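The shown structure was predicted, so the numbers you read here are calculated from the model rather than taken from an experiment. Both backbone and side-chain heavy atoms feed into the values below; hydrogens, waters and symmetry mates do not. All chains are named by letter (A, B, ...) in the order of the sequence lines, taking the proteins before the strands, and each is independently numbered beginning at 1.
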Amino acid sequence: MTIYKELALTAKEPFDENVDIISAYLGEFGFEGSAEDEIIKAYIAEELMGDDEIVILVEQLIEKNLIEPTYTIELIAPKNWNEEWEKNYFQPILIGEQCLIKSSFHQTDIKANYEIVIDPKMSFGTGHHETTSMMAEFLLEIPMKDKTVLDMGTGTGILAILASMLGCSKVIGIDNDSWCYENAQENLEKNNIHNAEIILGDAGLLKSYPATFDIVIANINRHILISDIKYYVKAMKKNSVLLLSGFYKEDFDAIDAVCQQNNCVFVNSKTKNNWMSAAFKKNEDEISK
Amino acid sequence: MAKEITGYVKLQVKGGQANPAPPIGPALGSKGVNIMEFCKQFNGRTQDRMGKVLPIVLTVYSDKSFDFIIKTPPVATQILEATKAAKGSAEPNRKKVAELTWDQVKTIAEEKMPDLNCFNVESAMNMVAGTARSMGITIAGDKPF
């Protein structure tokens, strides 16, 4: 996990204009940043720039009369930045009237067939986002008993956990983010899931799983789906199901075209607030290429 | 009833690549905003501007929901691009004497008109020239108006 340097600066008046100028300069050197009123906080990965170089940059900004002469440079260790939201604003949610998602500290009277405990930290997947809830609804609708499932971009592991609870025989969850890799494993433990495995990596790993899965789920984004569908399909058995999410309605045609090229036919879809999830089936008479 | 606004945050982040690390993590996390929700929305809306640094203005409401707008690159960024003043320099301390032409000022002014409080391109050009001067960048030649 990356350690960042935080450079905190105070812009001189006129704040709005000077904040833009300072951000533009810092952006040229690879900083990303945030600003509230006159306070600017700019960040760069620790290994990319030495303190001495940062000092030279800051002195130029002081010379140009853009900032106050006091500033700080601090190292920022990786931490769960989402903790504030998680503790105070994350509420239990019921999906498809059957599946309850809550945090380990939530007390609720809601009863559901499937109760999933998720402490999300900085991983994606609490069931609150349309892309996740539609995928959970798909899983609740299709036969899962004794199926082998692959969950690409598993995040918190929420969909892998639900798949396991629905009776599938084996689940593999893959994520390329080390936060998610750790978090998904914690969540598996909290839910006593023993037939799921989380692997750190990307679609490149699928070479080791030819024609293995009955169901592949991928809730990621348009770009990654389009570039990785071909790898998913190779890891799927004949007549298996591909569930895709994380894209907008207007991106469906592009996704559908890639699925068709890879011998998958569209079955049905769900939409919520312009987000779309779609189910495809791998064609029976695939000619091996 | 309109929701109560509790604050504004400006962000400069790369299109399609938002993640919960700094600056997004610390800037939004302290406000109780769901960082992952922001990242998903932002990456969806900017998937066609992958890797390009975009200025965002985020509005946070009292119920911790949020809205954000993606602005055109600030005048200062466009000026820097036009002069290539500091681009990729490994020596930030090297003296750079940068100059813009009035044609370049006009191009930036026209592009930036929708975000500026100006009625005509001449006053937008004056604003761009003013920003350039604050950056220590001179404009070559006589003003064309």
Practice task
Could you pull out the closest heavy-atom pair between A/D20 and B/A76, with the gap in Å?
Solution key: O-CB, 3.7 Å
Problem - 4.5 Å side-chain heavy-atom contact, A/E36 and B/K31 - result: yes
Problem - Greater than 12 external heavy atoms within 6.0 Å of B/Y8's OH - result: no
Exercise for the section: Measure B/V33 against the heavy atoms of chain A and call it side chain, backbone, both or neither at under 4.5 Å. Expected result: backbone
Practice task
Pick one of side chain, backbone, both or neither for B/M50, based on which atoms fall under 4.5 Å of a heavy atom in chain A.
Solution key: side chain
Fill in the blank from the handout: So, the part of A/L66 with a heavy atom under 4.5 Å from chain B: the answer is side chain
Practice task
Drop me the distance from A/N221's CG to B/C39's SG, to the nearest 0.5 angstrom.
Solution key: 12.0 Å
Handout entry: Euclidean distance, A/R222 CZ relative to B/Q47 CD, rounded to 0.5 Å
Key = 5.0 Å
Exercise for the section: Tell me, for A/N88 versus chain B, whether the close heavy atoms (under 4.5 Å) come from the side chain, the backbone, both or neither. Expected result: neither
Handout entry: Within-4.5 Å side-chain heavy-atom neighbours: A/Y25 and B/M135
Key = yes
Problem - Heavy-atom pairs under 4.5 Å with chain A, option from B/G29, B/P55, B/S30 with the top count - result: B/G29
Practice task
Go through the steps to decide whether B/K40 and A/W275 satisfy the test side-chain contact (heavy atoms from CB on, under 4.5 Å), and finish with yes or no.
Solution key: CA-CA 11 Å; B/K40 192 87 174 176; A/W275 291 99; 4.1 Å; yes
Handout entry: Salt-bridge contact B/K10-A/D16 (side-chain N to carboxylate O under 4.0 Å)
Key = yes
Exercise for the section: Identify, with sequence neighbours excluded, every residue that meets side-chain contact (heavy atoms from CB on, under 4.5 Å) alongside B/I70. Expected result: B/R45, B/T46, B/R49, B/L54, B/I56, B/F68
Completion exercise
Interatomic distance, CE@A/M122 vs CD1@B/I35, rounded to 0.5 Å, equals 6.5 Å
Practice task
Give the C-alpha distance, both sets of side-chain angles, the deciding distance and a yes or no for salt bridge (Lys or Arg N to Asp or Glu O under 4.0 Å) between B/K64 and A/E84.
Solution key: CA-CA 11 Å; B/K64 304 299 163 188; A/E84 181 79 12; over 6 Å; no
Problem - Atom group of A/D177 that falls short of 4.5 Å from chain B, counting heavy atoms - result: neither
Exercise for the section: For each of A/G155, A/G125, A/S123, tally heavy-atom pairs with chain B at distances under 4.5 Å, and name the one with the top tally. Expected result: A/S123
Practice task
Mind running side-chain contact (heavy atoms from CB on, under 4.5 Å) on B/E37 and A/F124 for me, showing each step along the way?
Solution key: CA-CA 8 Å; B/E37 168 80 30; A/F124 189 78; 5.8 Å; no
Exercise for the section: Please indicate whether A/K272 has more than 12 foreign heavy atoms, meaning atoms of other residues, nucleotides or ligands, lying under 6.0 Å from its NZ. Expected result: yes
Fill in the blank from the handout: Bottom line for A/N219: the part with an atom under 4.5 Å from chain B's heavy atoms is both
Completion exercise
residues 16-28 of chain B vs chain A, non-hydrogen distance cutoff under 4.5 Å, contacting residues -> B/P20, B/A21, B/P22, B/P23, B/G25, B/P26, B/A27
Handout entry: Contacting region of A/I224 [heavy-atom separation from chain B under 4.5 Å]
Key = neither
Problem - Rounded distance (nearest 0.5 Å) linking atom CE of B/M36 with atom NE2 of A/H129 - result: 10.5 Å
Handout entry: Donor-acceptor side-chain pairing of B/N34 and A/E86 below 3.5 angstrom
Key = no
